[in-house]
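Following: one structure in structure tokens, then a few remarks.
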There are 2 protein chains.
Amino acid sequence: MRSVKQKLILDFIEAFIGERGRPPTVRDIVHGCGLSSTSVADYHLNVLESEGHLRRDKHVSRGIELRGGRRARPGVALVPVIGHIAAGEPLPVPASDTWSVPAGETLEVPEALIRGKKGVYGLRVRGNSMVDALIGDGDIVLMQAGVSVANGDTVAVWLLREKEATLKRIYHEGNRIRLQPANSQMQPIYVPADNVEVQGKVVGVLRLVA
Amino acid sequence: MRSVKQKLILDFIEAFIGERGRPPTVRDIVHGCGLSSTSVADYHLNVLESEGHLRRDKHVSRGIELRGGRRARPGVALVPVIGHIAAGEPLPVPASDTWSVPAGETLEVPEALIRGKKGVYGLRVRGNSMVDALIGDGDIVLMQAGVSVANGDTVAVWLLREKEATLKRIYHEGNRIRLQPANSQMQPIYVPADNVEVQGKVVGVLRLVA
DNA sequence: CCCGGGGAAGAACATTAGTTCTATCACATT
DNA sequence: AATGTGATAGAACTAATGTTCTTCCCCGGG
């Protein structure tokens, strides 16, 4: 939440729903928060959505739904989906406990999936390097940062030299590390231990079938 | 409440608010209750308002507010996990819309996961007959009952004669049906179409990694 | 049989409300 | 100074949505 105005909007929405039983329109927000134009409200709403504070249904009147602590729903946890994995993109990892939700999607997952765990985030899987671990293209893996990893765990690793992130099974072999794809078509990668940074460990998988 | 249609509308409004967190539009009601015209919905809404079952804000979109004890809790859907699949056990399937949650586990999933879908239930997967579809032993599959299935869909079928339930890909081939395991080790099963009862279709997969 | 009322259809109408476009301004960075 | 980003304005455009009107159908009572 960057500005006080955005907190004002969020509070207004919460109050509006509480009083009227339905979400406000963009123009309700304009009037209620003393804004000057619908585009201003739209602008801030988009910011708030990208930060995961609310969700908007496009082209639907009053299509605002509050997210997060304000509308804490029992049994549902909010997990930020911070990017893709198995592509060569940089992979920022939030702090273990308190993170500022980075711009991007926020996913609701059943509490049961991350029971008690702290520092859980989501990654969209690209590619099929882990199909033998029943993780396919398009799946969302739930990662946990800052936990000890054991041989054979599926982890997201950051290769310092190559500046690449991938999802692999990890095996410590002396002072080198074997990164094993779960795909019979692909070969393991061997890297020196000091070239590897473990970003997180897979604790769950989520898939939506069309 | 004079007619059953009016009770239908009332129930729909309650469910809609529960799922989407906002009241339905007149046209939402038309579609959701199978009405033929907005004027019909308007007519019944006026009746319901005059009887005190709800309140309408004139000239306001989604200006419906339920009255009385009816209250809805938005955001969370309760999905009953009603058994295992790929074992030879009987597989009771609840009715499509209103089910009394059967004794057993209930999983709370975000509405976002099953958005709009009716008759969703969960099954714990036993065995590895679907590993090539990235569904493994211990996973929970979210099934939807009472929907049309297309060739290649992963469905839970009940074999009437054999009294067995399994999770397979389904292919209609004339008047017989091919049930295709997603496992290169296993052979397809061919059964006459009248021996098959489709219990549901996979709409999602949840896995908890130890 | 005629009639009145509850219901239903379908189209039309009038706003409401979401979205987009362009322009502007303050402020920080290069 | 040139540039880029966050934030603001105002208006226009389109789609969504509430409302109204007319016609028609079915059915029980007079």
Side-chain angles (χ1 to χ4, degrees), chain A residues 1-17 19-67 92 100-104, chain B residues 1-17 19-67 115-116:
Chain A
M1 191 123 39
R2 298 190 182 99
S3 70
V4 289
K5 189 163 292 188
Q6 285 166 19
K7 173 157 177 45
L8 180 66
I9 291 176
L10 224 39
D11 289 339
F12 173 77
I13 294 173
E14 185 177 21
F16 192 101
I17 294 177
E19 292 167 14
R20 321 262 199 122
R22 60 175 175 266
T25 66
V26 175
R27 285 168 178 81
D28 286 334
I29 296 173
V30 167
H31 297 144
C33 297
L35 307 182
S36 51
S37 171
T38 58
S39 63
V40 176
D42 188 65
Y43 171 79
H44 288 295
L45 285 174
N46 284 141
V47 173
L48 288 168
E49 179 177 28
S50 73
E51 288 178 350
H53 292 103
L54 51 83
R55 204 176 61 70
R56 296 184 77 187
D57 262 328
K58 305 279 184 197
H59 307 290
V60 169
S61 74
R62 304 176 190 276
I64 297 176
E65 193 179 329
L66 288 184
R67 289 276 205 103
S100 57
V101 179
Chain B
M1 194 120 39
R2 298 192 183 103
S3 71
V4 290
K5 189 164 289 187
Q6 286 165 20
K7 171 158 178 49
L8 181 66
I9 291 177
L10 224 40
D11 288 340
F12 173 79
I13 295 173
E14 185 176 19
F16 192 101
I17 295 177
E19 290 166 16
R20 324 280 264 261
R22 60 175 175 266
T25 66
V26 175
R27 283 168 180 82
D28 287 333
I29 296 173
V30 167
H31 296 144
C33 297
L35 307 182
S36 51
S37 171
T38 58
S39 62
V40 177
D42 188 67
Y43 171 80
H44 288 295
L45 285 175
N46 285 140
V47 173
L48 286 168
E49 180 175 26
S50 72
E51 289 177 350
H53 291 103
L54 52 82
R55 207 175 56 74
R56 293 184 81 185
D57 264 330
K58 301 287 180 193
H59 306 288
V60 169
S61 74
R62 303 175 190 278
I64 297 176
E65 192 180 331
L66 288 183
R67 283 301 184 79
R115 204 146 195 87

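Chain naming here is simple, since letters A, B, ... match the order of the sequence lines and numbering starts at 1 in each. All values reported here derive from a predicted model rather than from experimental measurement.
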Nearest whole angstrom, please: distance from the [atom2] of [N] to the [atom1] of [X].
{"X": "Asn46(A)", "N": "dG6(D)", "atom1": "CG", "atom2": "P", "value": "13 Å"}
{"X": "His44(A)", "N": "dT5(D)", "atom1": "NE2", "atom2": "P", "value": "18 Å"}
{"X": "Leu45(A)", "N": "dA7(D)", "atom1": "CG", "atom2": "P", "value": "13 Å"}
{"X": "Glu51(B)", "N": "dG6(C)", "atom1": "CD", "atom2": "P", "value": "12 Å"}
{"X": "Glu65(B)", "N": "dG18(D)", "atom1": "CD", "atom2": "C1'", "value": "17 Å"}
{"X": "Leu48(A)", "N": "dG6(D)", "atom1": "CG", "atom2": "P", "value": "14 Å"}
{"X": "Glu49(B)", "N": "dG18(D)", "atom1": "CD", "atom2": "P", "value": "13 Å"}
{"X": "Arg55(B)", "N": "dG18(D)", "atom1": "CZ", "atom2": "P", "value": "15 Å"}

Point-to-point distance, once rounded to the nearest 0.5 Å, from [atom1] of [X] to [atom2] of [Y]:
{"X": "His53(A)", "Y": "Ile9(A)", "atom1": "NE2", "atom2": "CD1", "result": "12.0 Å"}
{"X": "Asp11(B)", "Y": "Gln6(B)", "atom1": "CG", "atom2": "CD", "result": "12.0 Å"}
{"X": "Leu66(A)", "Y": "Ile17(A)", "atom1": "CG", "atom2": "CD1", "result": "4.5 Å"}

(request) For Glu49(B), check side-chain hydrogen bond (donor to acceptor under 3.5 Å, both in side chains) against everything at least two apart and list the hits. (result)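 Scan of Glu49(B) (side-chain hydrogen bond (donor to acceptor under 3.5 Å, both in side chains), adjacent residues dropped) gives none.
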(message) Less than 3.5 Å apart, any donor N or O on the side chain of Thr25(B) or Asp28(B) sitting next to an acceptor on the other?
(response)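 Asp28(B) and Thr25(B) do have a side-chain donor-acceptor pair below 3.5 Å.
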(message) Please find the pair of heavy atoms, one from Ile64(B) and one from Pro24(B), that lie closest to each other, and give the distance.
(response)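 Scanning both residues completely, I find the closest heavy atoms to be CD1-O, 4.0 Å.
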(message) Counting primed atoms plus P, OP1 and OP2 as sugar-phosphate and everything else as base, spell out the protein contacts along nucleotides 15-21 of chain C at 4.0 Å heavy-atom distance: B, S or - for each nucleotide, 5' to 3'.
(response) --BBBBB
